[in-house]
Amino acid sequence: DVQLVESGGGSVQVGGSLRLSCAASVDTSSLYCMAWFHQAPGKGREGVAVISSGDGVTWYADSVKGRFTMSQDNANRVYLQMNSVKPEDTAMYYCAADSNRRCSGDSWPQVWRYNYWGQGTQVTVS
């Protein structure tokens with residue numbers, strides 16, 4: 001099994017920045033697709049950003065384009081740089097991995113794609 005551990009969450013003021021990190025128990029090059037999701041209280045889990053491990057191509061939810069940037073290192077971590085944060089960014093943020101399928105610009109936000117999930121890290125914007 002692949003373990004994913006998120007870190008970097010916390011409280012931040014409106015307009016501020018935060019950097020989330022996700023550490024995988026395997027080299028991320030063995031995972032086709034790594035993504036960040038968020039889930040606010042009473043709402044469903046929504047795709048925020050995704051990176052194709054092989055070529056580094058990224059896709060973003062419209063709500064975060066131009067503010068958030070997803071990246072990866074050459075080993076086992078992916079990151080989510082969150083800039084110009086808004087109150088609506090408040091949520092639990094989850095790292096997810098798909099080891100079965102290449103990333104797709106159409107289906108990447110679908111929860112069912114991902115077979116590994118982290119426990120989440122809370123982000124609160126006020």
Is it true that V5 and V26 fall in one hydrophobic cluster, defined by side-chain heavy atoms closer than 4.5 Å?
no

Does any part of the side chain of D27, heavy atoms only, come nearer than 4.5 Å to the side chain of N76, both counted from C-beta?
no

Side-chain atoms of residues 41-53: list all donor-acceptor pairs with protein atoms under 3.5 Å, sequence neighbours left out, distances to 0.1 Å.
from, atom 1, to, atom 2, distance (Å)
R45, NE, Q39, OE1, 3.2
R45, NH2, Q39, OE1, 3.3
E46, OE1, H38, NE2, 3.2
S52, OG, D55, OD1, 2.9
S53, OG, T28, O, 3.2
S53, OG, L31, O, 2.6

With no hydrogens and no angle check, is any side-chain donor or acceptor of T121 less than 3.5 Å from a backbone partner on G9?
yes

Do Y94 and V85 sit in the same hydrophobic cluster, where Ile, Leu, Val, Met, Phe, Trp and Tyr count as joined when their side-chain heavy atoms come under 4.5 Å apart?
no

Mind checking the OH-CZ spacing from Y93 to F68? Nearest 0.5 Å is all I need.
4.5 Å

Heavy-atom closest pair, residues Y116 and S99:
CE1-OG, 3.6 Å

With sequence neighbours excluded, residues passing salt bridge (charged side-chain N to carboxylate O under 4.0 Å, His left out) with D62
K65

Hey, any chance L80 and V12 share a hydrophobic cluster, counting ILVMFWY side chains that come within less than 4.5 Å of each other, even indirectly?
yes

Is it true that the side chains of D106 and S104 contain a donor and an acceptor less than 3.5 Å apart?
no

Any donor-acceptor N/O pair, D98 side chain to R101 backbone, under 3.5 Å
yes

Does Q119 CD have over 12 foreign heavy atoms under 6.0 Å away?
no

If you look at every heavy atom in L4 and A97, which pair is closest and at what distance?
CD1-N, 3.8 Å

Ion pair present between K86 and D89, side-chain N to carboxylate O less than 4.0 angstrom?
no

Can you check whether F37 and W117 have ring centres sitting under 6.0 Å from each other?
yes

Under a 3.5 Å distance rule, please check whether S25 uses its side chain to pair with a backbone N or O of Q3 as donor and acceptor.
yes

Carefully, step by step, assess D73 and Y79 under the rule side-chain contact (heavy atoms from CB on, under 4.5 Å).
CA-CA 8 Å; D73 65 12; Y79 304 94; 3.7 Å; yes

Joint cluster assignment, V111 & V64, ILVMFWY side-chain distance < 4.5 Å
no

Do V78 and M70 have side-chain heavy atoms sitting under 4.5 Å apart?
yes

Test item: L18 and V123 side chains (from C-beta on) under 4.5 Å apart, heavy atoms
yes

If I take atom CD from residue Q13 and atom OG1 from residue T124, how far apart are they, to the nearest 0.5 angstrom?
13.0 Å

For a quick test of reading the model, state the closest non-hydrogen atom pair linking W112 to S107 and the distance between them.
CZ2-CB, 4.5 Å

For residues R113 and C103, report the shortest heavy-atom separation together with the two atoms involved.
NH2-CA, 3.7 Å

Heavy-atom donor-acceptor pair, E6 side chain to C95 backbone, under 3.5 Å
yes

If you take all heavy atoms of A91 and Q122, which pair is closest and at what distance?
O-NE2, 3.4 Å

W36 versus L20, closest heavy-atom pair with distance:
CH2-CB, 3.7 Å

Output yes when a side-chain donor or acceptor of R77 lies under 3.5 Å from a complementary backbone atom of C22, and no otherwise.
no

Once rounded to the nearest 0.5 Å, what's the spacing between atom CE of M34 and atom OG1 of T58?
14.0 Å

Going from CG on N83 to CZ on R67, what distance comes out if it is rounded to the nearest 0.5 angstrom?
9.0 Å

